[in-house]
Engineer: 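The structure that follows is given in the form of structure tokens.
Below, chain A is the first sequence line, B the second, and so on; all start at residue 1.
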Number of protein chains: 2
Amino acid sequence: MRGSRTTTRISVAAPTLADVAESAGVSRQTVSNAVNNPDLLRPDTLVRVQEAIAELGYVPNRAARNLRTRASHLVGLRLSPVLEGNATAVGDRFVHSLVWTSREAGYHVLLFSGEGPAAIDGYEDLLRSTAVDAFVVTDTYLGNPQATWLRERRAPFVAFGRPWDDPDARHPWVDVDGAAGTEMATRHLLDKGHTRVAWIGWRKDSFIGEDRRSGWSRALRERGLSTTGMASRVEDTVSSGREASAVLLDEARPSAFVCASDTLAMGVLHTLAERGLQPGRDIAVAGFDDSQVAQVVHPGLTSVRQPLEEVAVAVVRSLEDLLATPSYVGEGLLLTPSLTVRPSTG
Amino acid sequence: MRGSRTTTRISVAAPTLADVAESAGVSRQTVSNAVNNPDLLRPDTLVRVQEAIAELGYVPNRAARNLRTRASHLVGLRLSPVLEGNATAVGDRFVHSLVWTSREAGYHVLLFSGEGPAAIDGYEDLLRSTAVDAFVVTDTYLGNPQATWLRERRAPFVAFGRPWDDPDARHPWVDVDGAAGTEMATRHLLDKGHTRVAWIGWRKDSFIGEDRRSGWSRALRERGLSTTGMASRVEDTVSSGREASAVLLDEARPSAFVCASDTLAMGVLHTLAERGLQPGRDIAVAGFDDSQVAQVVHPGLTSVRQPLEEVAVAVVRSLEDLLATPSYVGEGLLLTPSLTVRPSTG
DNA sequence: TCCGAGCTCTTGAACGATCCAAGCGGAGTG
DNA sequence: CACTCCGCTTGGATCGTTCAAGAGCTCGGA
């Protein structure tokens, strides 16, 4: 078949369905069925075809399959620009988990980039050109134009992150209960005997930041402790954390800090180092994200760990439902983080 | 055209080349040329077609294009499993850079996973199914079966990392001169007045580790200083770095450490903290990779920074050459890192 | 014996783009 | 004026797969 077409060509072109069909003495469709619906074949035929496939080393051509089935088995993931100086390796840990999980579901992850309007273009292009079947959206911060755009466009996507700005949003999402995480961290400190536990979080316009803060205040009030004057809201940088902790130490005299991120917690460690205070012994510190920094810093930073592997599994599951059922009504799933305890909390 | 086929269908199916052609009153080929070879069209025709494209919101279907042209404009990148507890965010920084750079070249990055033999299967599958045009290989450590396999298979790929085990390898690669980096770090310390500079590196079977070590020893010998007893070779973990530095401090009495990685450098910081020594003031420490950890740790870790953006650019350029010229003979490119100086070296 | 059901396999067409070679018109030339 | 040539345009074929429909066979029941 292939040989008759190109008689002089020596180099082996990739075998096609037709080649396998001829080799096995069956039709193309039968080979296709052997690959995609083995149940339809008589056992002996199936074996024959499979042998031919193995012998020729046949692998279906994705482009052709994608064209016919209108599916690429790719999910698009936009990589947000790196934020240097930030301790958030969360994104990357998630990417790893997502890649691993989607492989088992027969999907691959396609990365793309773009900021602002260019990001929308990226989504648009990949979607229109049928390059991907769906998207995974990771940063659903307030008024994120991406999520809004995707929603309006009825583009299939699953979000890692709640639709904070729109509780009626009907798309599937998976998120981690940040409040529960900070609550665990705070309780852990209270159980250790601390009564003055300070909070360093993000600016008020961050839904995620306020959510995490609520876990801290809930834990304190639960024990009848006041939160007044014990909180600070700053940018998510090391120096902000350093300055905020210095001020809090002077004014509120806390014996422990709970932070909205490991980055901020590192800022606290800076302040302690500058004042000759020892983390864990003199002042307790807890962070959020369990980043690499938390793991390798001295003396080891207690941190809230997001179950990113579970998140990835849930995201992929939603993705499968979404693609199997076009009318799929999204639902949300909230996972609970865990606390990784290290010496920084004594 | 499209309407005549599906008269009752209201929902707008994606417009095809034929739809645009009809709308603009030209043939399919003319539309195709308008997209791919605008020069071939008479200016007024071009405008007319482009207007029709814009009006219908036409975007070429990738699957169809891929099928015809036998190219996917995707490059595969295998994500190696995360190593928790390691400070190497290098991989992730590189991924970001690669995604950004390849976008400008019209390529997207396809992630996949798999360890050991499964990794080979991943390559095999993506290659045979024409899912990707080429690969980017990142870990070309000693006897890496992937690189060998790809080479034998004549699969198009560009490596980030030298072919250590085979100097005759004729594939394109880009790497960073680790020895130059450690040499810079060591010189920086010597210039600061240190005369006893210790080395903590990886085990001897690591080419990369030995390369980095050579930069350190070269810098010392250049100044007539002896390296005897000043080096330790261990696993790339924080605790190994801690133990090695403790031993070296006792036996060799160095005033500075140069490490093969930030992970090991963090181990040194642990030892210093345990002994009440202050990094930068009492003992100088330099790491390698300029990871997030180096940036956020107290007091800031001097570290060798790989020019990953440049690496990505070079990799993509090689990729383009490779794909444009099937017989492309690979060449290697060695880039020089820079030194990010922070308080840990005084 | 005949018919229909059920199973297995085959056939022709379609997916949407690009490549190919021929067609067509207009400008340039003898 | 006829002819050639150049450049844009055209229809048809093609990439490799899956879909939809149908053909051949066996088997059981009337």
Engineer: Contact class for A/T30 vs. all strands (heavy atom < 4.0 Å): base, sugar-phosphate, or nothing?
Structural biologist: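 Base contact.
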Engineer: For the side chain of B/R28, starting at C-beta, report the closest nucleotide among C/dC9, D/dA13, C/dG16.
Structural biologist: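 Nearest to the side chain of B/R28 among the choices is D/dA13.
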Engineer: May I have the distance from B/L41 (atom CG) to D/dT10 (atom P), rounded to whole angstrom?
Structural biologist: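 For the pair B/L41 CG and D/dT10 P, the rounded distance is 10 Å.
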Engineer: Are OP1 or OP2 of C/dT18 and a side-chain N or O of B/N36 less than 4.0 angstrom apart?
Structural biologist: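 Looking at the OP1 and OP2 atoms of C/dT18, one of them is under 4.0 Å from a side-chain N or O of B/N36.
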Engineer: Look at all strands and tell whether A/N66 reaches a base, only sugar-phosphate, or nothing, counting heavy atoms closer than 4.0 Å.
Structural biologist: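 Result for A/N66 = nothing.
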Engineer: Looking only at heavy atoms, which two atoms of A/V20 and A/V31 are closest? And how far apart?
Structural biologist: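 Result for this residue pair: CG1-CG1, 3.7 Å.
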Engineer: Look at the side chain of A/R42 and decide which nucleotide, out of C/dC9, D/dC15, D/dT17, has an atom nearest to it.
Structural biologist: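 The closest nucleotide is C/dC9.
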Engineer: Rounded to whole angstrom units, what separation is found between the CZ atom of A/R70 and the C1' atom of C/dA17?
Structural biologist: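 Between C1' of C/dA17 and CZ of A/R70: 13 Å.
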Engineer: Name the closest nucleotide to the A/L67 side chain, picking from D/dT17, D/dA13, C/dG16.
Structural biologist: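 The answer is C/dG16, which lies nearest to the side chain.
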Engineer: Between atom NE2 in B/H73 and atom C1' in C/dT18, what is the gap in whole Å?
Structural biologist: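 Those two atoms, NE2 and C1', are 12 Å apart.
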Engineer: How many Å lie between CG on B/L40 and P on C/dC19, as a whole number?
Structural biologist: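 After rounding, the gap between these two atoms is 11 Å.
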Engineer: Determine: side-chain N/O of B/R68 to OP1/OP2 of D/dT14, distance under 4.0 Å, yes or no.
Structural biologist: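 For D/dT14, OP1/OP2 do not have a side-chain N/O of B/R68 under 4.0 Å.
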Engineer: Start at the 5' end of DNA chain C and walk down; is the nucleotide closest to B/A64 or to A/V26 reached first?
Structural biologist: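 Nearest-nucleotide comparison on DNA chain C picks A/V26.
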Engineer: Looking across every strand, which nucleic acid part, if any, lies under 4.0 Å from B/S27 by heavy atom: base, sugar-phosphate, or nothing?
Structural biologist: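 Here B/S27 touches the bases of the nucleic acid.
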Engineer: Taking B/F135 as the fixed residue, which of B/Y107, B/Y123, B/F160, B/F157 is the one that meets the ring pair (Phe, Tyr, Trp, His ring centres under 6.0 Å) rule?
Structural biologist: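 When B/Y107, B/Y123, B/F160, B/F157 are each tested with B/F135, the ring pair (Phe, Tyr, Trp, His ring centres under 6.0 Å) holds only for B/Y123.
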Engineer: For a quick test of reading the model, state the closest non-hydrogen atom pair linking B/T101 to B/V313 and the distance between them.
Structural biologist: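 In terms of heavy atoms, the two residues are closest at CG2-CA, 3.6 Å.
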Engineer: Whole-Å distance between C/dT8 C1' and A/D39 CG?
Structural biologist: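 To the nearest whole Å, that distance equals 13 Å.
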Engineer: Supply the atom-to-atom distance B/R154 CZ to B/L127 CG, rounded to the nearest 0.5 angstrom.
Structural biologist: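 Going from CZ on B/R154 over to CG on B/L127, the span is 13.5 Å.
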Engineer: Counting only side-chain heavy atoms from C-beta out, which of C/dT18, D/dT17, D/dC19 sits nearest to A/Q29?
Structural biologist: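 Taking heavy atoms from C-beta onward, the closest nucleotide is D/dC19.
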Engineer: Would you kindly give the CG-to-P distance between B/L56 and C/dG16, to the nearest whole Å?
Structural biologist: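 Atom-to-atom, B/L56 to C/dG16, this comes out as 14 Å.
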Engineer: Would A/D125 and B/R62 pass as an ion pair if we require N to O under 4.0 Å?
Structural biologist: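 Yes, charged N to carboxylate O under 4.0 Å.
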Engineer: The side chain of B/T45 is closest to which nucleotide in this list: D/dT9, C/dA17, D/dG16?
Structural biologist: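 Per side-chain heavy atoms of B/T45, the pick is D/dT9.
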Engineer: Expressed as a whole number of angstroms, how long is the span from A/L17:CG to C/dG12:C1'?
Structural biologist: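 Taking atom C1' of C/dG12 as the reference, CG of A/L17 is at 15 Å.
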Engineer: To check you understand the geometry: which heavy-atom pair defines the closest contact between B/F112 and A/V99, and what is its length?
Structural biologist: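 Here B/F112 and A/V99 meet closest at C-CG1, 3.7 Å.
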Engineer: Answer with base, sugar-phosphate or nothing: what part of the nucleic acid does B/R62 contact at a heavy-atom distance below 4.0 Å?
Structural biologist: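 No contact.
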Engineer: Take the protein atom CZ of A/R48 and the nucleotide atom C1' of C/dT8, then report the distance between them rounded to whole Å.
Structural biologist: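 That distance rounds to 12 Å.
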Engineer: How is A/N33 classified with respect to the nucleic acid when contacts are heavy atoms under 4.0 Å: base, sugar-phosphate, or nothing?
Structural biologist: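 If one applies the 4.0 Å heavy-atom cut-off, A/N33 turns out to touch nothing in the nucleic acid.
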